[in-house]
Amino acid sequence: MSSSLAALNDWVADVARLTQPESIHWCDGSDEEYQALVRRMLDNGDLIELNQETHPGCYLHRSDPGDVARVEHLTFVCTPERDDAGPNNHWMAPADAHAKMDELFEGCMRGRTMYVIPYCMGPIDSPISRCGVEISDSPYVAANMRIMTRMGKPAQARIEREGRFVKGLHSVGELDPKRRFIMHFPEELTIKSFGSGYGGNALLGKKCHALRIASHQARSEGWLAEHMLIVGIENPAGETHYVAAAFPSACGKTNLAMLIPPEGYRRDGWKVWTVGDDISWMTPGEDGRLWAINPEAGYFGVAPGTSESTNPNALKMLNRDAIFTNVGVTADNQPWWEGLPGQPAKDWQGRDYDPANGPAAHPNSRFTVSAKQCPSYSDKAEAAQGVPISAIVFGGRRASLVPLVSEARDWTHGVLMGAAMGSETTAAATGAVGVLRRDSMAMKPFCGYNFADYFSHWLDFDRPGAKLPRIYKVNWFRKGDDGKFLWPGFGDNLRVLEWMLKRVTGQVDARETPVGNLPRAEDLNTADLEIDPAALDALLSVDEAGWRSELSSIGEYLEDFGPRMPGKLREEQRRIADALKA
Ligand code: GTP
Ligand code: SPV
Ligand code: MN
């Protein structure tokens with residue numbers, strides 16, 4: 001037996017001693033195993049069969065009504081020093097956190113099956129990929145991990161070869177929010193999660209490993225683990241540029257990653273290829289460019305709003321072999337959510353639909369589906385070295401002020417753009433919705449270390465020989481006085497991406513402003529676009545008075561991190577503030 005296999009066996013034995021499961025199942029990742037998990041959940045009520053004629057292989061999971069989203073207030077980064085976790089994280093001393101969690105885990109799997117789930121984040125043969133093992137007492141977690149990661153025997157073989165893997169321990173516990181914690185021990189490559197079955201809290205390969213633990217590793221190893229989609233844009237000449245974009249949770253990554261070009265663009269031969277919709281690991285290549293892989297193998301996407309007019313690619317991949325969580329159902333048992341045609345018969349809690357109870361689908365209801373089912377799935381998504389990134393985009397939900405698109409003057413300005421990102425909160429996390437907060441690089445809930453050190457790490461990529469992507473900031477969510485979105489969004493977002501790529505390839509000038517370079521109106525392709533000229537004007541203008549107060553708010557935000565905040569970012573903020581005063 002290899003020493004790494006022995007280490008894995010020892011850990012599994014330790015966990016079994018602590019949690020006392022009735023049986024242990026080592027996941028092999030086979031189809032038969034997935035089918036058996038589904039049958040087991042159909043028997044115990046974790047899954048409900050959907051209409052198999054219209055949706056073969058599709059099932060519905062209704063979660064506990066108090067367990068429907070990530071819980072940021074119960075999520076901790078447990079570094080030995082509090083300052084290393086930073087003001088952006090909740091912190092607990094590692095020894096205290098282990099003691100607390102071990103008490104919760106004690107005997108928690110009695111009468112249950114313990115699943116040992118080896119997984120690989122990233123293509124199984126990629127040097128950039130990293131492995132982990134999640135131990136969970138939830139068959140729903142095992143089935144979802146099969147869809148979301150390369151799970152099973154090949155991952156276990158890689159772990160036995162490499163030795164190093166992230167240890168994730170998870171139990172649904174009693175689903176009691178008072179006994180719910182998501183703890184990260186980055187130095188120990190360890191995660192302990194108790195009391196929730198919800199995606200981001202329970203599918204530990206995703207946010208816990210591929211973002212919180214990975215971002216911590218990436219800092220010391222010279223790469224980036226980001227909350228970014230990766231999309232390939234193919235122009236009529238057949239050239240494909242890859243764009244990575246960070247938008248906060250439920251702010252449009254899945255939609256942009258699967259975009260269908262407007263009709264005129266399609267006619268001209270534009271195509272869009274999906275590499276990833278949520279997470280990007282980016283490494284500098286020998287050529288100086290940043291190369292990105294999507295560590296995931298599936299999508300855990302927001303259901304509401306997904307429709308034939310917004311995201312037809314997603315709809316096409318959802319008519320077979322998908323797990324739906326907390327959506328409604330129609331009278332003939334098809335999955336239903338707000339945005340779809342037809343009528344719901346039952347809501348997400350299984351009650352007869354009554355608008356007085358709120359939406360039929362929970363606003364954070366989700367689908368889990370294999371990435372390969374996406375019609376626009378890129379053949380480069382499996383490439384071991386990843387894809388080269390031409391542009392990085394930061395975006396958020398900002399009803400006012402922030403223009404449709406602006407370009408950073410240089411890398412430092414771009415890092416400030418990302419650091420300063422503000423966005424209105426969404427249903428992806430428990431708590432108030434629609435409240436403006438800073439969500440730097442869309443990583444506020446996911447950066448496994450101090451944001452000040454994270455910004456320094458970003459700045460460090462600007463070094464001799466680097467051929468860095470240009471950085472952009474976008475806002476699809478500007479609203480008019482009537483409360484309606486000014487920009488049509490979705491497929492039409494390609495118009496904005498086209499402008500960025502024209503900038504990257506030196507085909508157009510831009511209008512220089514203190515907050516960045518904006519498109520000249522004539523350079524944004526508006527052919528066949530239905531938009532009021534006054535709206536377009538508002539989207540492409542800079543409200544200097546509004547920006548002066550935004551810059552002072554950004555300045556205060558940077559100050560909150562104290563002396564660890566890189567001086568370069570504060571200087572950049574001051575430069576822009578001064579330019580706005582001039
Ligand atoms: P996570 O999976 O939570 O990280 O979210 P995500 O960033 O992938 O969000 P997603 O693409 O699922 O979008 C969430 C919501 O934003 C949905 O309700 C969409 O309909 C809406 N949305 C996405 N793109 C646009 C857009 O261009 N304009 C407008 N107005 N809404 C959009
Ligand atoms: C997010 O909240 O950003 C998600 C969903 O992508 S979860 O995996 O639950 O975090
Ligand atoms: Mn996300």
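Note that ligands are numbered from 1 as they come in the structure, with each ligand's atoms numbered from 1 the same way.
Where the criterion is an N or O separation shorter than 3.5 Å, residue side chain and backbone included, K207 fails it with respect to ligand 1.
Assignment of G301 to the shell around ligand 1 is not supported, since no heavy atom sits closer than 4.0 Å. In this structure, G339 does not count as a contact residue of ligand 1, since none of its heavy atoms falls inside 4.0 Å of the ligand. Residue contact check for ligand 1: R397 places a non-hydrogen atom closer than 4.0 Å to it. For D278, the heavy-atom gap to ligand 1 drops under 4.0 angstrom.
In this structure, K479 fails the cation-pi test against F477, since its NZ or CZ atom is not both closer than 6.0 Å to the six-membered ring centre and inside 45 degrees of the ring normal.
Protein heavy atom at the shortest distance from atom 32 (C) of ligand 1 is F490 CZ, 3.2 Å. For atom 2 (O) of ligand 1, the nearest non-hydrogen atom of the protein is R366 NH1, 2.8 Å. In this structure, atom 11 (O) of ligand 1 lies nearest to the protein heavy atom N255 ND2, 2.8 Å. In this structure, atom 9 (O) of ligand 1 lies nearest to the protein heavy atom G252 N, 3.0 Å. When hydrogens are left out, the protein atom nearest atom 5 (O) of ligand 1 is A250 N, 2.7 Å; that is the closest non-hydrogen contact. Atom 4 (O) of ligand 1 has its closest protein heavy atom at K253 NZ, 2.7 Å.
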Task: Working for side-chain contact (heavy atoms from CB on, under 4.5 Å), residues L259 and V231 - done: CA-CA 9 Å; L259 177 156; V231 65; 5.9 Å; no

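Contacts between S249 and ligand 1 below 4.0 angstrom, taking non-hydrogen atoms only, involve backbone and side chain alike. Contact annotation: for R478 versus ligand 1, there are no heavy atoms closer than 4.0 Å. With a 4.0 Å cut-off on non-hydrogen atoms, N493 touches ligand 1 through its side chain and not its backbone. At a heavy-atom cutoff of 4.0 Å, ligand 1 is contacted by no atom of T426, backbone or side chain. Residue F477 touches ligand 1 through its side chain alone, judged by heavy-atom distances below 4.0 Å. Contacts with ligand 1 closer than 4.0 Å are made by side-chain heavy atoms of F485 only, the backbone lying farther away. Under 4.0 angstrom from ligand 1, the non-hydrogen atoms of P304 all belong to its backbone. Counting heavy atoms closer than 4.0 Å to ligand 1, residue R70 contributes nothing at all.
With hydrogens and angles left out, the side-chain atoms of R212 and T75 include no donor and acceptor closer than 3.5 Å. Side-chain contact check for D439 and S423: no donor-acceptor pair (N or O, by modelled atom type) lies under 3.5 Å. No hydrogens or angles considered: a donor-acceptor pair under 3.5 Å links the side chains of S196 and D67. No side-chain donor from either of H457 and Y449 sits under 3.5 Å from a side-chain acceptor of the other. S440 and Y557 share a donor-acceptor pair across their side chains, judged by distance under 3.5 Å alone. For the residue pair H227 and D278, a side-chain donor N or O sits within less than 3.5 Å of a side-chain acceptor on the partner. Of the N and O atoms on the side chains of Y454 and N88, not one donor lies less than 3.5 Å from an acceptor on the other residue. For the 3.5 Å distance criterion, the side chains of S136 and S138 fail to qualify, holding no donor opposite an acceptor. A donor-acceptor contact closer than 3.5 angstrom is absent between the side chains of T274 and Y299. Counted by atom type alone, D277 and T254 present one or more donor-acceptor pairs between their side chains at under 3.5 Å. Side-chain N/O atoms of D137 and S171 include a donor and acceptor closer than 3.5 Å.
Between L340 and L315 there is a side-chain heavy-atom pair separated by less than 4.5 Å.
The nearest N/O/S atom of D278 to the Mn ion (ligand 3) is OD1.
The environment of K502 atom NZ is dense: over 12 non-hydrogen atoms of other residues, nucleotides or ligands sit within 6.0 angstrom.
Centroid-to-centroid, the aromatic rings of F300 and Y198 come within less than 6.0 Å.
The Mn ion (ligand 3) lies at 2.8 Å or more from every N, O or S atom belonging to F446.
Per-residue contacts place P248 under 4.0 angstrom from the following atoms of ligand 1 (heavy atoms of the residue considered): 7 (O). Less than 4.0 angstrom separates some heavy atom of H227 from each of these atoms of ligand 1: 4 (O).
Between H209 and W281, the ring-plane angle classifies as tilted under the 30° and 60° cut-offs.
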Check each N or O atom of ligand 2 against all protein N or O atoms and list the pairs under 3.5 Å, with atom names and distances to 0.1 Å, one per line.
{"from": "ligand 2", "atom 1": "2 (O)", "to": "R70", "atom 2": "NE", "distance (Å)": "2.9"}
{"from": "ligand 2", "atom 1": "2 (O)", "to": "R70", "atom 2": "NH2", "distance (Å)": "3.1"}
{"from": "ligand 2", "atom 1": "2 (O)", "to": "S249", "atom 2": "OG", "distance (Å)": "3.1"}
{"from": "ligand 2", "atom 1": "3 (O)", "to": "K207", "atom 2": "NZ", "distance (Å)": "2.5"}
{"from": "ligand 2", "atom 1": "3 (O)", "to": "H227", "atom 2": "NE2", "distance (Å)": "3.3"}
{"from": "ligand 2", "atom 1": "3 (O)", "to": "S249", "atom 2": "OG", "distance (Å)": "2.5"}
{"from": "ligand 2", "atom 1": "6 (O)", "to": "K207", "atom 2": "NZ", "distance (Å)": "2.7"}
{"from": "ligand 2", "atom 1": "6 (O)", "to": "D278", "atom 2": "OD1", "distance (Å)": "3.3"}
{"from": "ligand 2", "atom 1": "6 (O)", "to": "D278", "atom 2": "OD2", "distance (Å)": "3.4"}
{"from": "ligand 2", "atom 1": "9 (O)", "to": "Y198", "atom 2": "OH", "distance (Å)": "2.9"}
{"from": "ligand 2", "atom 1": "9 (O)", "to": "G200", "atom 2": "N", "distance (Å)": "2.8"}
{"from": "ligand 2", "atom 1": "10 (O)", "to": "R70", "atom 2": "NE", "distance (Å)": "3.1"}
{"from": "ligand 2", "atom 1": "10 (O)", "to": "K207", "atom 2": "NZ", "distance (Å)": "3.3"}

